[in-house]
Amino acid sequence: MTSATREKELKPRVEITQISGTEIEVNMGPHHPSTHGVIRFILFIDGEIVVRAVPDVGYLHRSIEKIAESMPYSFFMPYTDRVDYVAAINCNLGYALAIEAMGGLEVPERATWLRMIGVELNRIMSHLVGVGALPLDLGAFTPFVHALREREHMMDLLEILTGTRMNNNYIRFGGVCQDVDDEFLKKLEKYLDHFVLFLEEYDRLIGTNKIFIERLKNVGIVSGEKALSYSFSGPNLRASGIGLDLRKVDPYCFYNDMKFDVPVGKGIKGTVGDSFDRYIVRIEEMAECEKILRQILSKIKEGPIQSKVPKKLVLPAGEAYHHTESARGELGYHIISDGKSASPYRIKIRTGSFASMTSLAEIFKGMMVADVIAYFASLDIVAPEVDR
Amino acid sequence: MNFPAAHLEKLAKLVDSVYNGAVSSEIVQADTKIPVLKINSRDIRKVVELVVHHKDLGFTYLNTISGTHLAETREDESLDLKGFEMFYVFSNSQDFSSLAIKTTLPENNPEIDTIDDFSGSANWFEREIFDLLGVNFKNSQDLRRIMLPPDWEGHPLRKDFKEGSHYNGIPTTRSSELEAIRIE
Amino acid sequence: MTQFIYMFIFAVIYLLSIAVAAGFLTVVERRIAGRMQSRIGPNRVGPQGIVQWIADAVKALQKEDIIPTDAHSFLFKIAPYLVFMGVFLTLVPIPFGAYTLMENLDTGIFYVLAMASFVVIGVMMGGWASNNKWSLLGGMRSAAQMISYEVPAALAVFVVVVMAGTLNFQKIVFSQGASPVDWYVFRNPFAFIAFNIFFIAALAEGNRVPFDIPEAESELVSGYNTEYSGMRFLFFFLAEWGNLVVIGALVSTLFFGGWNFWFEYTLEFSVPGRYPIRFEVLGFLWFLFKVSIFVFIIIWIRWTLPRLRIDQLMDICWKYMVPIGLFASIGILLWMYFVPEKSLADTIMRYSMTSFGGLTILYFFYRVFQNLRVTKAKIYANPFV
Amino acid sequence: MKDGIFLCIAAVTVFGALVTAFSRSIINAALGLLLALVAIAGLYIFLSADFVAVSQILIYVGGVMVLLLFGIMLTSGGDNIFSNNPIMGAVPATLITTIFGLLGIYVVNTSGLTFYQGAYRATTRDIGHFLLREYILPFELVSVLIVVLIVGAGVMLRKELVIVRQAPQKKEGKK
């Protein structure tokens, strides 16, 4: 693309809005097909162009952080599933690691491997929903169903691993809730052989589609600087060209030993940090997850899955901020213990979706209504994670 | 990421040299794994400006802002006052090493300067704290409730929060009381 | 008077059969969509679910007819009928066989283009009268889109009209032959261009993917029919699927030889009795076959492609399709002038175009099967567990 | 039978025209106009002018009415715009109706035009013949006129754009 045409494409469309000068207020949400849950935008549009946008969240606020203060530490584990139900084990892991760090609990080696299997499988599932819902919001229904079909297979695998399909509640302090046999590992390997083919096919089906590319390239550009300023994390931050992955820069579990790349948005179709980059980063990240899973399969060994943990867990007084790489970015648990009671004094959950939401009001400005959908879908936001 | 010890010393020196002892700051390598910079609440903007804009530090990435209501005296002597504790987590955009800034606010009329001009996301984090804890951020560009409806009364994450029996005519409690589960 | 009654009865039969066809198409579309999405689709009502549409219709009839409080109730009520009328009036001059048509209108294709404007009016009214901003946006988008795409559609039709020398559908059909060599689409490159333009423009006028932005369900909730329920919604629905038949029939009539089968025709083909009934039946089935191929392609596109943005849609229309359409319409004039029919150049072009088209389709199937061979997912329950 | 249908269509035409003239709601007036235009197409068919009838629908319903409705529906609250003084328009309306009526009677009486009485006969071929052979010059002149119109509209729109851009932006209008 020549620089002149690129400049033309990148020019904001706001200028045109001054023709009529009248704007109408439309309510996108809380019940709208493309807000992925109960999120609401108040859009002030002039024709098709958004002049001003006010994101409104909180429709799914369950005050999980308040609930946590009234129950023992271990009782809160199922609630973490509900923070991000698409990548539940990721949320389990962040919470368990924070508590284990505070209480100095040991985790057996096999339990960590199993945790990593669960987390990476769940990350693939979550990204499948993300890249599946993106074409759905652009009007193509079929890719969504294909992505969900693969997710179903993985749910079957997770059912063997954890006993449930969603909201797994798999991880315990100092271990995991149940072990698996070698049969499962073989099935997982067999599935990964298939998944590589599927991923390649899916990307060929969607990522090379001219309309899909045109709808996403140069839409909702978030530069690296902007992304840092909006506290983007996870795939959204990496799509903006900043290769920060907490599994690399602040390794937990056995991610130190894993060999994997951190995919970064390169702007292959448009500008770095546009919506297409966010799509392609997720696709590449799924391939990386597959690599990690194979390495885990080659390294996992027999052993205990649960260490000794006191039934009534009272953590020493103090606080911890522990963050892990969830499917939607940095998942941080800020936990304060008063050292006396068996329940946390305060838990603050920092989620990737909430941080991604902070960019909406500014990025939406000057977009067309259809681009609003495309940008929002490319962020892959899960509403309960925003509201908690 | 564990904050390198060399960095820590440099940070302590910096804070001292820039503010010449005016800021009541101390650096604690707490059990949070990340260093905590304890400061006086009225210096928040100065310190944030330092850690964000100083060329040796460059903590431009705001991870989160957390807040806690400390209602009763606790065993740990560092947490012994009543009031609100603000907890800012910043990260370096290069190596993602983190730094926490901690400050305390009085229990009645908690107020602190906003830092929403340092980060695009700070406003939302502050709004959440304002909504759930009732901490007032001075000079904020847009301080509204975020999670709860605008006509909600009270701030639920305060320890002394009592839920009203009705909200807009809708009862907030069930008729048959569910027994609270406790492990003793 | 008796003639009037006959006309009335025939019109009712026609309307009903088209409504049945539209209803049946909803099931077909859902089954095809199901197959494309690795699921089953409706298969409970009747064998393989073929009468699902009756169940749907009965359900829709039982629904409450809700008119929003602040809606302009009169406009709100008549809008679906206008849309329905606009689609079904276009079927009047389209020949399904030598006799199987309502009226052999002399204005033919011109009439079809005119009747599409009722759809525009109806959609706009429905969108505006609902008193819903999403509906209004949908109605306006729809009007802008349909008006714009009428231009390339008319240009493409112009190419055919020039070649046939008439607007009359029967004469257009008759001037083509039964074999692909005689179809207009393979006569010369300009007609081939015109076919592509017409097909795309027809998709856009029918609000089908990738041009379904007036009812973009992920942006505008459901566009102009958001507030409709029950019977009135059904009318929009029927119009949409009736439009599938219209598009398929128009394309196959204008470019693919219509009902022309490999039989000898006399010049008085339109006079009843001169034409054996088996010819009529075969021609009708042949025409239905062509229509169903195009209907399938439209459904296939719908379940494959994402939709465009409104500015991209307008770009495609005004920056690409209209200039290309103008090029084709000027080109066809020159072609008609310099290459007389049945000359050597004309024959060579016909055969080479036909073989080109055939090879394209073969290559397409080759590609599809090659890709399928590599990555076809095994479809059986729980393959990995 | 035929007369009955003709009378129905004529009545609808008159009704639509009356609604257009006397309705106080602008949207109803537009609808009346739509009705009248469609009914006039019906009258053309009675005059055995099928091509003109179809053109009437294509141009007036598909083009003019759509633009009219566009204008009405996009301006805020199209339903609430009422003409405040119906008597204001009565004088010019009477004048115009009288003049055109007299003109019509005069033309019909003097030109020797008669209503076509015979069976329906297709007119498309004749129209094409006349337009492209005998009246080719006026036909081409009209196309030149249309090109001028299109270019002029483009030029005017450009000017409008520039002017409005410089003007201060108005605040949000009434909802």
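Lettering of chains follows the sequences in order, A, B, ..., and the numbering in each one begins at 1.
Only the backbone of A:Phe232 comes within contact range of chain B, with heavy atoms under 4.5 Å apart. Heavy atoms of A:Glu65 lying under 4.5 Å from chain B belong to its backbone as well as its side chain. Using a 4.5 Å cut-off between heavy atoms, A:Ser343 makes no contact with chain B at all. A:Leu246 touches chain B through its side chain: at least one heavy atom from C-beta onward sits under 4.5 Å away, while N, CA, C and O do not. Residue contact with chain B, scored on non-hydrogen atoms closer than 4.5 Å, involves the backbone and the side chain of A:Leu228 alike. Contacts between B:Leu148 and chain A at a heavy-atom distance below 4.5 Å involve the side chain alone, from C-beta outward. Of the two parts of A:Glu225, neither the backbone nor the side chain holds a non-hydrogen atom closer than 4.5 Å to a non-hydrogen atom of chain B.
Within residues 122-131 of chain B, the residues that have a heavy atom under 4.5 Å from a heavy atom of chain A are B:Trp124, B:Phe125, B:Glu128, listed by number.
Scanning both residues, B:Leu133 and A:Arg346, for their nearest heavy atoms gives CD1-NH2, 4.5 Å. The two atoms that bring B:His69 and A:Tyr345 nearest to each other are O-OH, 3.1 Å, heavy atoms only. In plain terms, the two heavy atoms of A:Arg350 and B:Leu62 that are nearest each other are NH2-O, 4.3 Å. When all heavy atoms are compared, the tightest approach of B:Met147 to A:Arg388 is CE-NH2, 4.3 Å.
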Evaluation steps, side-chain contact (heavy atoms from CB on, under 4.5 Å), between B:Asn63 and A:Tyr321: CA-CA 10 Å; B:Asn63 288 49; A:Tyr321 178 76; 3.8 Å; yes
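Taking OG from B:Ser91 and NE2 from A:His323, the interatomic distance works out to 6.0 Å, rounded to the nearest 0.5 Å. Put simply, OG1 on B:Thr68 and NE2 on A:His334 are 5.5 Å apart, with the number rounded to the nearest 0.5 Å.
In this structure B:Thr64 satisfies the side chain to side chain donor-acceptor pair (under 3.5 Å) test with no other residue, sequence neighbours excluded.
Counting heavy atoms from C-beta outward, A:Val54 and B:Arg144 have side chains that approach closer than 4.5 Å. Within the 4.5 Å cutoff, the side chain of A:Glu69 has heavy atoms near those of the B:Leu157 side chain. A heavy-atom distance below 4.5 Å is found between the side chains of B:Tyr61 and A:Glu330. Side-chain contact between A:His61 and B:Leu132 is present, with heavy atoms from C-beta onward closer than 4.5 Å.
Counting only distance, with no hydrogens or angles, the side chain of A:Lys348 and the backbone of B:Gly67 share no donor-acceptor pair below 3.5 Å.
Counting non-hydrogen atoms of other residues, nucleotides and ligands closer than 6.0 Å to CZ of A:Phe41 gives a total above 12. Heavy-atom contacts from other residues, nucleotides or ligands closer than 6.0 Å to CD of B:Glu111 number more than 12. For A:Lys308, the NZ atom counts as loosely surrounded, since its 6.0 Å shell holds 12 or fewer non-hydrogen atoms of other residues, nucleotides or ligands.
When each of A:Val57, A:Val386, A:Asp56 is paired with B:Ile146, the side chain to side chain contact (heavy atoms under 4.5 Å, CB included) condition holds for A:Val57 and for no other.
In this structure, a donor-acceptor pair under 3.5 Å is present between the side chains of B:Ser121 and A:Ser231.
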